[in-house]
Amino acid sequence: MPLIILLLLLCSFAVQAESLSSRMVDAADNAERVSNQLLSKPADSLTAEDWLVLTEAQLRLRNKDAAMDAVGHVLEATVQPYLQAYAYLLKAQIYGILYRDTVIAITQLERAEHLLQHAEDAASLALYSDVLQNFAQAYNQLGNIPQALPYAERSLALAVRQQQPEAELKARITLGRLMLQNNAYSPAYQQLNQALILATQLQDDDALASIHLRLGMAYRKIEYHNQALQHLLEAKQRYQQLQRHSSYTYTLIYIAETYLEDSQTAAEAAAYLDEALKLAHEQNDLLRVGIVTLGLGRLAVVQQQEELALQYFSDALQLFRQQQVQTYLQETSLALADLLLQRQQHAQASQLMLEIAPQIPQAAAYLRYRFHDLSARLFAHQGDWGQAYNNSQQASTLRFEQLAEQSKLQLDLINQGLQHARSAPATDIAVSTLTEQHLRQRQYIYLLVALCMLLAAALLVATAILRRRNKKPPSELQQQGSWSGFCQRLQQLSAKANISVLAYSLDNSLQLKQQYGEQQLLAGLQQFQHQQPTPVLASCVYDDVLWLAIQSDAEHSVIQQTLAQQLRQMLPESLAAEHLISLHLPVSELLETPWLTKEINALREALWLSWALCSRHYTEAHSSQLCLMALHSRQQRACEWRSNMVRQDLLNAIRLGGIELTCNNTLLPPTVADQLT
């Protein structure tokens with residue numbers, strides 16, 4: 001009897017999930033109608049499923065407040081794991097798509113995964129496959145391709161194991177897209193080809209449009225521009241028929257970029273970009289406005305309008321910073337840095353490269369190639385031949401891998417053509433043979449180009465040996481992001497006035513790492529560091545602490561509080577209420593020049609000592625969510641920062657009044673030092 005009841009429950013859940021699935025499809029296709037129908041009913045009569053369907057409709061209509069309200073009702077109205085997981089998935093999409101906050105979106109996906117990871121029913125596993133795909137897309141949004149790919153592969157494996165063709169189709173499109181970004185052309189093409197077969201069998205017009213879009217991008221990568229345009233124009237027509245306005249706009253952008261590959265077709269590119277920009281503004285989508293603006297910058301470069309290109313690139317960069325979209329931010333920074341280098345504006349180009357350097361190891365392969373190629377040219381201009389050679393070598397390796405992937409895909413296409421030609425007339429076979437010869441010639445040319453690049457790198461080494469008489473210090477580009485690099489950058493600033501160091505941390509970082517994991521704890525700190533807000537001159541994250549070097553004549557307590565508020569906004573939702581501590585260290589006042597590495601290292605000791613004193617003496621230090629501390633020196637050499645007992649020296653300096661400690665603008669008495677032995 002219990003077994004029969006269990007089977008009935010499972011059947012009931014399967015029917016419920018199938019009914020919900022069809023309602024969600026209807027909400028996606030007819031969002032306004034579905035939304036109006038549900039909103040016309042009394043709110044207390046709506047079930048958890050109704051609220052879920054309403055969330056999907058509001059998401060499609062891009063009504064972020066209404067969507068967030070609806071998904072909140074879902075989580076209040078049900079304890080069923082499947083519906084809750086579905087709600088967290090939609091909440092992640094609301095944060096990611098409408099609020100452009102990918103970091104918080106990932107925290108919602110983690111909640112959905114927690115509810116689904118042990119499920120065995122088909123509906124939950126299909127939803128889990130969707131969650132894994134969204135993980136992949138989120139990490140791709142953050143510019144972290146190595147972390148995105150495993151999620152896409154897990155999603156595909158799960159869909160294939162469960163024999164769910166719809167989920168398999170989505171997973172193959174996602175995986176193909178990521179592989180394409182990472183210059184794995186042949187595997188990407190295979191995934192998209194298999195997706196094309198599935199989409200045709202399922203008669204999924206939306207998926208067919210998406211696949212044609214990706215195949216167009218694949219053909220662009222191997223410089224088959226005519227074939228690329230065929231697929232992109234097919235995608236454009238399908239999206240127009242489906243009234244998928246956002247995807248239609250993206251397709252216009254990719255068509256324009258394909259025309260930009262040839263300066264002779266710049267006019268066609270301009271027409272598509274103008275249409276795309278108009279639609280992006282109508283849709284009030286700043287991300288698409290930014291992408292079109294980046295395309296307009298590239299068009300201006302092709303048309304040799306440098307001033308206009310600078311303006312477009314700068315505008316696009318500002319938009320991507322606001323949206324926190326790392327891939328496009330990196331792409332725009334590289335395009336702008338390249339233009340600045342051509343204009344001999346090397347300092348500005350170097351600064352842009354410094355800003356994106358920490359994210360490059362996780363970036364897509366094509367961005368890593370462009371970064372190292374541009375870095376090699378910058379270092380060569382600076383006379384740092386060792387770094388120029390290292391970056392040139394990395395660029396050559398990436399370029400060689402890219403050419404090899406291009407050749408592999410071209411040969412795959414040839415083999416498919418030859419197999420098709422076995423039953424074709426002799427004239428077609430002759431054409432296929434000529435095509436094969438032509439492509440093999442191109443392959444040899446590519447390999448020759450790669451060999452020449454490697455020889456050029458070797459030449460750089462020879463030049464380095466001849467020209468480098470004295471060993472140069474490591475470059476700022478290499479130093480950015482590490483504690484040692486931060487110290488060296490700080491030492492370079494010692495000649496400037498009013499240099500300060502600001503430290504930010506959550507006071508119980510060890511416990512938070514145990515509860516939420518290190519990745520989530522550091523996400524907000526690293527995101528803030530990568531944005532490098534004014535007036536930050538250098539930064540790093542070390543031992544769960546964000547360290548910033550600033551120069552300002554303004555009131556440092558105001559800057560300290562402003563940056564703390566900006567940082568808190570970037571913390572994941574789970575950490576938003578945690579206690580944030582900050583210490584202001586006026587280095588120009590505390591240390592005597594030249595600043596030694598040992599003295600700068602000792603500043604770390606000051607953070608934890610200051611927090612220990614404030615938390616013991618000043619009761620509000622724990623009661624408020626923000627504790628702003630500062631150390632000020634009232635006499636020369638008040639503390640011996642080079643000492644092996646710097647903590648004791650600092651306590652003595654506070655006890656004697658040589659150094660003063662404030663907490664939230666309250667001066668602590670010298671006797672506070674007596675509370676610690």
Can you check whether F320 reaches L287 side chain to side chain, under 4.5 Å on heavy atoms?
yes

Salt-bridge test for E355 and R321: reply yes if a basic N is under 4.0 Å from a carboxylate O, no otherwise.
yes

Output for pair (L286 CG, H281 NE2), nearest 0.5 Å, gives 9.0 Å

Does the salt bridge (Lys or Arg N to Asp or Glu O under 4.0 Å) test come out yes or no for D206 and R238, once each step is laid out?
CA-CA 8 Å; D206 205 353; R238 288 179 178 274; over 6 Å; no

Look only at the side chain of Q164 and the backbone of A122, and say whether a donor-acceptor pair between them is shorter than 3.5 Å.
yes

Tell me whether Q304 at atom CD has more than 12 heavy atoms from other residues, nucleotides or ligands lying less than 6.0 Å away.
no

Flag the pair F371 / L367 as yes when at least one side-chain heavy-atom distance between them is below 4.5 Å, and no otherwise.
no

Side-chain heavy-atom pair L208, S210 within 4.5 angstrom cut-off:
no

Derivation and outcome, side chain to side chain contact (heavy atoms under 4.5 Å, CB included), residues R172 and V160
CA-CA 10 Å; R172 289 196 185 279; V160 171; 4.2 Å; yes

Any donor-acceptor N/O pair, T251 side chain to L213 backbone, under 3.5 Å
no

Correct closest heavy-atom pair for Q362 and P146 would be O-CD, 3.0 Å

For R377 and D338, run side chain to side chain contact (heavy atoms under 4.5 Å, CB included): C-alpha distance rounded to whole Å, both residues' side-chain angles, the deciding distance at 0.1 Å, then the answer.
CA-CA 10 Å; R377 290 155 55 195; D338 195 4; 2.9 Å; yes

Q318, CD: over 12 other non-hydrogen atoms inside 6.0 angstrom:
no

On a heavy-atom basis, the closest approach of A276 and I253 is CB-CG1, 3.9 Å

Under a 4.0 Å threshold between the charged nitrogen and the carboxylate oxygen, would K236 count as salt-bridged to E275?
no

Verify the distance criterion only: is there a donor paired with an acceptor across the side chains of E331 and Y366 at less than 3.5 Å?
yes

Which atom of L334 lies closest to which atom of L374, heavy atoms considered:
O-CD2, 3.7 Å

Residue pairs fulfilling salt bridge (Lys or Arg N to Asp or Glu O under 4.0 Å) with at least one residue in residues 125-138, sequence neighbours excluded
D130-K170

Within the 3.5 Å criterion, strictly below it, is a donor on Y272 or E268 matched to an acceptor on the partner's side chain?
no

Report the C-alpha separation of V103 and Y95 in whole Å, then their side-chain angles, then the decisive distance to 0.1 Å, and conclude whether the side chain to side chain contact (heavy atoms under 4.5 Å, CB included) test is met.
CA-CA 9 Å; V103 175; Y95 276 118; over 6 Å; no

SB check R244 D29 (cutoff 4.0 Å)
yes

Heavy atoms of I211 and A199 approach each other most closely as CD1-CB, 3.7 Å

Nearest heavy-atom contact between A112 and V131 is CB-CG2, 4.0 Å

Sidechain N-carboxylate O distance under 4.0 Å for E110, K91:
no

Q133-T174 side chain donor-acceptor pair, cut-off 3.5 Å
yes

Evaluate Y312 against L294 for side chain to side chain contact (heavy atoms under 4.5 Å, CB included), listing each step before the verdict.
CA-CA 6 Å; Y312 279 133; L294 172 59; over 6 Å; no

Can you tell me how far apart CD (Q330) and CE (M353) are? Round to the nearest 0.5 Å.
11.0 Å

Salt bridge D373-R399, side-chain N to carboxylate O under 4.0 Å
no

Taken to the nearest 0.5 Å, the spacing of E113 CD from L89 CG works out to 12.0 Å

Name all residues meeting the ring pair (Phe, Tyr, Trp, His ring centres under 6.0 Å) criterion together with H212; count only those two or more places apart in sequence or in a different chain, and write none if there are none.
H231

Please tell me if the side chains of N391 and F379 come closer than 4.5 Å, counting only heavy atoms from C-beta onward.
yes

Taking only Lys NZ, Arg NE, NH1 and NH2, and the carboxylate oxygens of Asp or Glu, determine whether E257 and R220 approach each other closer than 4.0 Å.
yes

Salt bridge (Lys or Arg N to Asp or Glu O under 4.0 Å) for R161 and E168? Distances and angles first, verdict last.
CA-CA 9 Å; R161 177 164 64 86; E168 180 185 347; over 6 Å; no

Spacing of CG belonging to L142 relative to CD belonging to Q137, to within rounding of 0.5 Å:
12.5 Å

Compare all side-chain heavy atoms of Q191 with those of L180 and state whether any distance is below 4.5 angstrom.
no

Treating N182 as the side-chain partner and A184 as the backbone partner, does any N or O pair qualify as donor plus acceptor under 3.5 Å?
no

Check: L352 and L317 side chains under 4.5 Å, non-hydrogen atoms:
yes

Note, L336 side chain near S314 side chain (heavy atom, < 4.5 Å):
yes

Judged by atom type as modelled, is there a donor-acceptor pair below 3.5 Å linking the side chain of S155 to the main-chain atoms of S129?
yes

Is any side-chain heavy atom of L175 closer than 4.5 Å to one of L149?
yes

Given Q141 and T327, is the side-chain hydrogen bond (donor to acceptor under 3.5 Å, both in side chains) satisfied, shown in steps?
CA-CA 7 Å; Q141 193 84 352; T327 299; over 6 Å; no

Nearest 0.5 Å, what's the CG-OG distance between D26 and S21?
11.5 Å

Would you compute the distance between atom CG of L169 and atom CG of L196 and round it to the nearest 0.5 angstrom?
9.5 Å

Closer than 3.5 angstrom, by distance alone: can the side chain of S392 be matched with the main-chain N or O of A388 as a donor-acceptor pair?
no

Could I get the full list of side chain to side chain donor-acceptor pair (under 3.5 Å) partners for D315, not counting sequence neighbours?
Q311

So, does T55 use its side chain to make a donor-acceptor pair with the main chain of V71 at under 3.5 Å?
yes

Keeping the roles fixed (side chain from T107, backbone from I104), state whether a donor-acceptor pair exists under 3.5 Å.
yes

Could you walk me through whether E307 and R343 pass the salt bridge (Lys or Arg N to Asp or Glu O under 4.0 Å) test, one step at a time?
CA-CA 10 Å; E307 293 297 333; R343 291 166 60 90; 2.8 Å; yes

Locate the shortest heavy-atom distance separating G290 from A316; write the atom from each residue and the value.
O-CB, 3.7 Å

Please lay out, stage by stage, how Y239 and Y248 fare under the test ring pair (Phe, Tyr, Trp, His ring centres under 6.0 Å).
CA-CA 5 Å; Y239 280 132; Y248 176 78; 8.1 Å; no

K64 to Y99 six-membered ring, cation-pi geometry met (6.0 Å, 45°)
yes

Cation over ring face, R288 and Y250, 6.0 Å, 45°
yes

